[in-house]
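Scroll down for the structure; my scribbles are underneath it.
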Amino acid sequence: MAKTILTVDDSPTMREMLRSCLTGADFNVVTAEHGADGLDKLQESQPDVVITDINMPVMDGFEFIENVRQSQVSNRMPILVLTTESHQDMKMRAKNAGATGWIVKPFVPEKLIDAINRVMP
Amino acid sequence: MNLDEIKDTFFTECAEQLAEVESAFCVVQIDGLDIENVNAIFRAVHSIKGGAGAFGFSDLVSFSHVVENALDIVRNDISQGTDDRLNLLARSMDVLSDIVDATREDGEKVDDAEITAELKAMFNLGGEDGQPESTAVEIDYDPVPISLTDLDLGDTSSGNVFEIVFEPKSSLYENGHDPQRILRHLGELGTCTTVVDDSKVPALDTLSPDEAFLGWTIKLDTESSEEDVREAFDWVEGDCTLSIKLEQPEIDGGGDIDDILSGLEDFDLGEDPDEAAPAESNDASVEDAGAGGKADVTVEAVVEAVPDEKQNAAGKPPAAANKDQQAAAAKKSNQTIRVESQKVDRLINLMGELVINQAMVSEQVTQDGFSSSSPTALLMVEFQNLTREVQESVMAIRAQPVKPVFMRMSRILREVCSVTGKKAALVLEGENTEVDTTVIEGLTDPLTHMIRNSIDHGIESPEDRVAAGKPETGTIKLSALHSSGRIVINVEDDGAGINRERVLQMGIEKGIVSENADLSDNDIDSLIMAPGFSTAEAVTDLSGRGVGMDVVRQSIQSLGGRISISSKPGQGSQFSMSMPLTLAILDGMVVRAAGQVFVIPVSAVLETFNMKPGDVHKIGNDDQVLKLRGNLVPIIQVGHQLGFCGKQDDNSGGTVLVVEAGNNAMAALLVDSIDGQRQVVIKSLESNYDRVPCIAAATIMGNGQIALILDVEEIIARQSRAAAESNSNILKMEMIA
């Protein structure tokens, strides 16, 4: 069965790029527009891997990851952070929030898929 | 979705983000700086940069990067956002918007060198070359694509042999990692011999699933460098104890494969055999053994402990256990889809045809003699209601708030102010008022011209304003509201007002009015919209190119709208435009007059009734008025007004529709009969024939006949002009006598 990926990004462009790239690699894709939306979708779709942006309205990526990690059922979900923030302290903040790994935008599709496979259960 | 479609999505997003930015700047300029709006602006620029990077739009990336850095400074310390800096940022947004346009159109490169330099100077961004790190720093991990099938079992690679000791801490699992996946990754780098250390695993009854007990010692024979090997662990740095040591290069790869294989038969990490992952790790193990034969392979009792950890690490929620309260409490976002406007246009056109068709079927049903209580007629009523509902829903798809157009005006305002040296602030009201997209598209040009005009001609220079006791900064108010089925847009300034003396003089000079014309203040004000009128003494870069308000009036009229002016000397001017909400379908009252069928927009009709003899009064020569609850309303004979027949003297007992125009002017339209209320599809007369006075458009009726839609406002305006003329003639005649 195809694996499901939840992408959380406020930019429609990024959502479409991710969707296009991921469906091309035979993943099911569920998208959310910000962290709070992501928490909803996480429950509904029970993805295998989550990819999230950091800078988002309503609920940012850090808060989203923290919420997932504190939740009852999906606390060990692999979460990749996809962001333009390439600074080291951003990575550390993401990691401290509970991120599994990170990918810096702009991403190359093959590398994105490799990164996902690296954490795919 | 292919790449071009995603690009379209990106540019649509850019437009939305830039509108957000404009919106935030508007608030900031009026209410002062606050972190929420700065964050909103930052996010918008950030998103544009992110998308641009994905497509390799380097101009866009580098400029948005500089802007982003500047915004970051303000974001981190709000007191850094001085007026000068905000103005510069606002101008930067204009340039950013230009770069987006140039990128979309593949146009000429926008020169951003100057403003980039200004930004760097004002925000002390020195040292940066404007190149974002995100393009400089590639993806920060680089897996080596060795697939397992490429590995030759018999080959003994001569590379490096690393001894890796890897002991996860519980935080590694908490962040969603699974050591098995890391081991698998190492297996992709080369051949591994892996020894598990389960000495810390406690008895099952005391085992806590949240803690980490296992460790691994891996001998990895690989062509990869130590750096590559370390990269396999870069995401778990700090979440494990790790030592990686380089041993001597591999020389010989002997060993008894069969022995090892048999020893490995039970080696299973306890996963569902159907899943791809464990199958791979099994393969890896087998190959490890094959190649790394010289090493001692010790496979101890691994199996029991791993599934537990695995279970946690995978974190797959049991289907029934949807207990996550936090997620449930989280806010639901609005679900939207993007649809090409062409598709919606097609839907609207089809909708129009459906409305006509429905009317035809209705008509036929009546003609065929079905009584109104017959099942067929009842079904027709239902059909009619459904058609109406579908029509309303379809129109709602096209309705959009006027906000984006209004937002664009703030940029126009900034530009005009910087050229003229005047100071003005834009105040928006009712920007969420919705109107059909075609109307919105048609609004941009006239509004742009009016805003320019208001600043160029209306708002005084700061010195003059102060001298006149006004605040130095002028205000231009742009507002939108719904009024009797139309949208009314007002542009109001608190400038000097229209200089009537000068306008009249210009009008006479240009031969638009005769020297001895007797004009009211309003007539003089309206002169500025006469063709070829321009008061600009020195033609500026902005308004005053001789096209002026005439073009504005024409574009508003082509939208089925009207424009009126009111001005008070020294206090300012107000331009008011009223337009239909949609250009596609109209709720109409079908009437007959002089043997013709006409449609009167229902939105204009206040009431309809048959007059009694006492209701009609004569005024002046042959004008008639209707006495309606104490008010006198002029009666307009539709057939006569449009030139189909002469004036009737006795109108008592006639049918009238009391209608209202935008400026509260009322009139009673006298017709022969009212056929009923119907939805009609608007077909433009102007685009198919020519503009006809008092006629707004045409339509096709259910029986295929063409009917004209009346322009109520113009009919009223003409009537009152004619009445004024004939009355003034009477007065003049009396004076002569």
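Chain naming here is simple, since letters A, B, ... match the order of the sequence lines and numbering starts at 1 in each.
Contact of A52(B) with chain A is not made at all, since no heavy-atom distance falls under 4.5 Å. Heavy atoms of L82(A) lying under 4.5 Å from chain B are absent altogether. Contact annotation for F55(B): only side-chain heavy atoms (C-beta onward) come within less than 4.5 Å of a heavy atom of chain A. For N117(A), the part lying near chain B is the backbone, with the side chain staying farther off; criterion is any non-hydrogen pair under 4.5 Å.
Using a 4.5 Å cut-off on side-chain heavy atoms (C-beta onward), P12(A) and T12(B) make no contact.
Of the listed residues (R69(A), M14(A), M56(A)), the greatest number of heavy-atom pairs within a distance under 4.5 Å of chain B belongs to R69(A). Chosen from N39(B), D8(B), D239(B), the residue pairing most often with chain A at heavy-atom distances under 4.5 Å is D239(B).
The minimum heavy-atom distance between W235(B) and G101(A), with the atom names listed, is CD2-CA, 3.3 Å.
In E36(B), the CD atom is not crowded: 12 or fewer heavy atoms of neighbouring residues, nucleotides or ligands sit closer than 6.0 Å.
To the nearest 0.5 angstrom, R181(B) atom CZ is 7.5 Å from T100(A) atom OG1. Atom CZ of R118(A) is separated from atom CD of E231(B) by 7.5 Å, given to the nearest 0.5 angstrom. Rounded to the nearest 0.5 Å, atoms OH (Y173(B)) and CG (N75(A)) are 14.5 Å apart. In this structure, I6(B) CD1 and R15(A) CZ are separated by 12.5 Å, a value rounded to the nearest 0.5 Å. Summarising the geometry, atom CD belonging to E16(A) is positioned 15.5 Å from atom NZ belonging to K7(B); distances are rounded to the nearest 0.5 Å. With rounding to the nearest 0.5 angstrom, the CD atom of E68(B) is 8.0 Å from the CG atom of N55(A).
Between the K95(A) side chain and the N175(B) main chain, no donor and acceptor come within less than 3.5 Å of each other.
Salt bridge status for R76(A) with D178(B): absent, with no side-chain N to carboxylate O gap under 4.0 Å.
Between S11(A) and the choices R43(B), E13(B), H46(B), the side-chain contact (heavy atoms from CB on, under 4.5 Å) rule is met once, by E13(B).
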